[in-house]
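Notes to accompany the following structure.
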Amino acid sequence: MMEKLEEAKLVYGMEEAAWALGVSSTQVRNWIRKGALKAFRVGRRVLIRREVLEEFVREMEAGRVM
(Lines give C-alpha, C1' and ligand atoms only; values in the text may rest on other atoms or scores of the structure.)
Protein backbone atom coordinates (compact mmCIF):
# COMPACT_ATOMS: atom_id res chain seq x y z
CA MET A 1 0.00 0.00 0.00
CA MET A 2 2.78 2.46 0.91
CA GLU A 3 4.54 1.91 -2.43
CA LYS A 4 1.36 2.78 -4.31
CA LEU A 5 1.02 6.00 -2.32
CA GLU A 6 4.57 7.03 -3.22
CA GLU A 7 3.96 6.20 -6.87
CA ALA A 8 0.87 8.39 -6.78
CA LYS A 9 2.87 11.43 -5.66
CA LEU A 10 3.18 13.66 -8.72
CA VAL A 11 5.11 16.62 -7.32
CA TYR A 12 7.58 17.34 -4.54
CA GLY A 13 8.18 20.49 -2.54
CA MET A 14 11.73 21.80 -2.20
CA GLU A 15 12.32 20.11 1.17
CA GLU A 16 10.96 16.78 -0.08
CA ALA A 17 13.08 16.98 -3.24
CA ALA A 18 16.16 17.80 -1.16
CA TRP A 19 15.50 14.83 1.12
CA ALA A 20 14.93 12.51 -1.87
CA LEU A 21 18.19 13.66 -3.50
CA GLY A 22 20.17 13.60 -0.24
CA VAL A 23 21.16 17.27 -0.43
CA SER A 24 20.18 20.52 1.26
CA SER A 25 17.25 22.63 0.15
CA THR A 26 19.81 25.36 -0.59
CA GLN A 27 21.45 23.06 -3.15
CA VAL A 28 18.07 22.33 -4.75
CA ARG A 29 17.36 26.06 -4.88
CA ASN A 30 20.74 26.67 -6.55
CA TRP A 31 20.08 23.99 -9.19
CA ILE A 32 16.69 25.55 -9.91
CA ARG A 33 18.21 29.04 -10.13
CA LYS A 34 20.90 27.80 -12.55
CA GLY A 35 18.30 26.04 -14.69
CA ALA A 36 19.69 22.57 -14.04
CA LEU A 37 16.50 21.47 -12.25
CA LYS A 38 13.12 22.47 -13.65
CA ALA A 39 10.50 23.63 -11.13
CA PHE A 40 7.28 25.62 -11.11
CA ARG A 41 5.36 27.75 -8.65
CA VAL A 42 1.89 27.29 -7.25
CA GLY A 43 1.27 30.34 -5.15
CA ARG A 44 4.31 30.64 -2.90
CA ARG A 45 5.30 26.97 -3.18
CA VAL A 46 8.03 25.77 -5.50
CA LEU A 47 7.20 22.32 -6.85
CA ILE A 48 9.15 19.76 -8.85
CA ARG A 49 7.51 16.98 -10.85
CA ARG A 50 8.48 13.41 -9.98
CA GLU A 51 9.51 12.73 -13.59
CA VAL A 52 11.79 15.77 -13.53
CA LEU A 53 13.51 14.50 -10.37
CA GLU A 54 13.96 11.05 -11.89
CA GLU A 55 15.52 12.53 -15.04
CA PHE A 56 17.70 14.82 -12.92
CA VAL A 57 19.10 11.78 -11.07
CA ARG A 58 19.88 10.10 -14.40
CA GLU A 59 21.69 13.27 -15.51
CA MET A 60 23.66 13.33 -12.24
CA GLU A 61 24.64 9.67 -12.71
CA ALA A 62 25.88 10.49 -16.21
CA GLY A 63 27.97 13.35 -14.80
CA ARG A 64 26.06 16.07 -16.65
CA VAL A 65 24.99 18.01 -13.53
CA MET A 66 27.39 20.09 -11.48
Side-chain angles (χ1 to χ4, degrees):
M1 179 71 171
M2 188 61 125
E3 291 173 355
K4 291 193 185 277
L5 289 176
E6 286 302 314
E7 289 175 14
K9 190 163 184 80
L10 299 176
V11 295
Y12 292 84
M14 294 242 315
E15 292 291 329
E16 293 171 307
W19 183 85
L21 294 170
V23 299
S24 70
S25 58
T26 301
Q27 181 63 58
V28 171
R29 187 175 293 112
N30 288 338
W31 283 328
I32 292 169
R33 192 173 295 134
K34 289 197 281 188
L37 182 59
K38 187 176 169 187
F40 63 97
R41 284 193 175 273
V42 174
R44 301 182 98 192
R45 294 195 65 201
V46 175
L47 300 174
I48 304 160
R49 292 178 51 137
R50 181 184 66 227
E51 294 87 2
V52 170
L53 280 177
E54 291 169 348
E55 178 60 28
F56 187 75
V57 169
R58 285 190 288 273
E59 293 290 318
M60 285 178 26
E61 287 175 337
R64 292 188 286 259
V65 175
M66 292 298 195

### Query
Charged N to carboxylate O under 4.0 angstrom, Glu61 versus Arg58?
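Looking at Glu61 and Arg58, the cut-off is not met.
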[atom1]/[X] to [atom2]/[Y] distance, rounded to the nearest 0.5 angstrom?
X	Y	atom1	atom2	answer
Arg49	Lys38	CZ	NZ	7.5 Å
Leu21	Gln27	CG	CD	9.5 Å
Met14	Thr26	CE	OG1	7.5 Å
Trp31	Glu59	CH2	CD	12.5 Å
Glu15	Ser24	CD	OG	9.0 Å

### Message
Restricting to non-hydrogen atoms, name the atom on Arg50 and the atom on Lys9 that form the minimum distance, rounded to 0.1 Å.
### Response
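Nearest pair, atom of Arg50 first, then Lys9: NH1-O, 2.7 Å.
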### Message
So, applying side chain to side chain contact (heavy atoms under 4.5 Å, CB included) with Phe40, which one of Ile32, Ile48, Val11, Val46 is it?
### Response
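Of all the options given, the one that passes is Val11.
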### Query
Do Leu53 and Val57 share a hydrophobic cluster (ILVMFWY, side-chain heavy atoms under 4.5 Å, transitive)?
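Yes, same cluster.
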### Query
Going only through I, L, V, M, F, W and Y residues with side-chain contacts under 4.5 Å, is there a path from Val28 to Trp19?
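Val28 and Trp19: separate clusters.
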